[in-house]
A.B. asks: 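Let me begin by handing over the structure; questions about it come next.
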Amino acid sequence: MAAVIIFAVLVLVAFLMNLFGLMRLYPLYITSPLLFLVIFFVIKSLFHRRKFKGFKSYH
């Protein structure tokens, strides 16, 4: 549950920085990829499932 709150705060901060980038307070070429990366890692970590990779045979 704490991870979801941390992710929400990270997305909010990245979104606000992107708004500041749109107002030309920060460079937009830094804030846009930052927002994309934060959203990407949040989605990736929330939907990551432990998958069964099969039995390993040790010969």
Side-chain angles (χ1 to χ4, degrees):
M1 185 66 181
V4 174
I5 295 171
I6 292 171
F7 289 148
V9 169
L10 284 175
V11 169
L12 183 66
V13 167
F15 181 73
L16 288 175
M17 285 187 67
N18 198 15
L19 285 178
F20 290 148
L22 290 172
M23 291 187 289
R24 298 182 187 224
L25 298 174
Y26 291 122
L28 196 57
Y29 59 86
I30 294 174
T31 60
S32 293
L34 181 69
L35 179 64
F36 173 76
L37 288 174
V38 167
I39 292 173
F40 174 75
F41 284 120
V42 166
I43 291 173
K44 183 179 176 184
S45 66
L46 289 178
F47 290 117
H48 176 73
R49 293 184 289 162
R50 294 179 184 240
K51 297 179 182 174
F52 179 69
K53 296 181 182 175
F55 295 107
K56 297 186 181 201
S57 60
Y58 297 103
H59 295 311

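Everything quoted here is computed from the prediction, not taken from an experiment.
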A.B. asks: Going by heavy atoms in the side chains, are Val9 and Ile6 under 4.5 Å from each other?
C.D. replies: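 A side-chain contact is absent here, since even the closest heavy-atom pair is not under 4.5 Å.
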
A.B. asks: I need the Leu19 CG to Leu35 CG distance, nearest 0.5 Å.
C.D. replies: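 Between atom CG of Leu19 and atom CG of Leu35 there are 9.0 Å.
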
A.B. asks: Going hydrophobic residue to hydrophobic residue with side-chain gaps under 4.5 angstrom, can you get from Val11 over to Val4?
C.D. replies: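 As far as the 4.5 Å side-chain criterion goes, Val4 and Val11 are connected within one cluster.
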
A.B. asks: Which ILVMFWY residues are connected to Tyr29, directly or by a chain of links, through side-chain heavy atoms under 4.5 Å apart?
C.D. replies: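 Result for Tyr29 is Ile30.
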
A.B. asks: Would Phe40 end up clustered with Leu16 when hydrophobic side chains under 4.5 Å apart are linked, directly or stepwise?
C.D. replies: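 Phe40 does not cluster with Leu16.
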
A.B. asks: Membership question, hydrophobic clusters at under 4.5 Å side-chain separation (ILVMFWY): are Leu37 and Ile43 in the same one?
C.D. replies: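 Ile43 and Leu37: separate clusters.
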
A.B. asks: Restricting to non-hydrogen atoms, name the atom on Gly21 and the atom on Leu28 that form the minimum distance, rounded to 0.1 Å.
C.D. replies: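 Minimum heavy-atom contact is C-CD1, 3.7 Å.
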
A.B. asks: Check the surroundings of atom CZ in Phe7: do more than 12 heavy atoms from other residues, nucleotides or ligands lie under 6.0 Å from it?
C.D. replies: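 Above 12, so yes.
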
A.B. asks: Looking at CE of Met23 and CG of Asn18, how far apart are the two atoms once the value is rounded to the nearest 0.5 Å?
C.D. replies: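 Output value for this atom pair is 10.5 Å.
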
A.B. asks: Which pair of heavy atoms, one from Leu34 and one from Met17, lies closest together, and at what distance?
C.D. replies: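 Closest approach of Leu34 to Met17, heavy atoms only: CD2-SD, 4.0 Å.
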
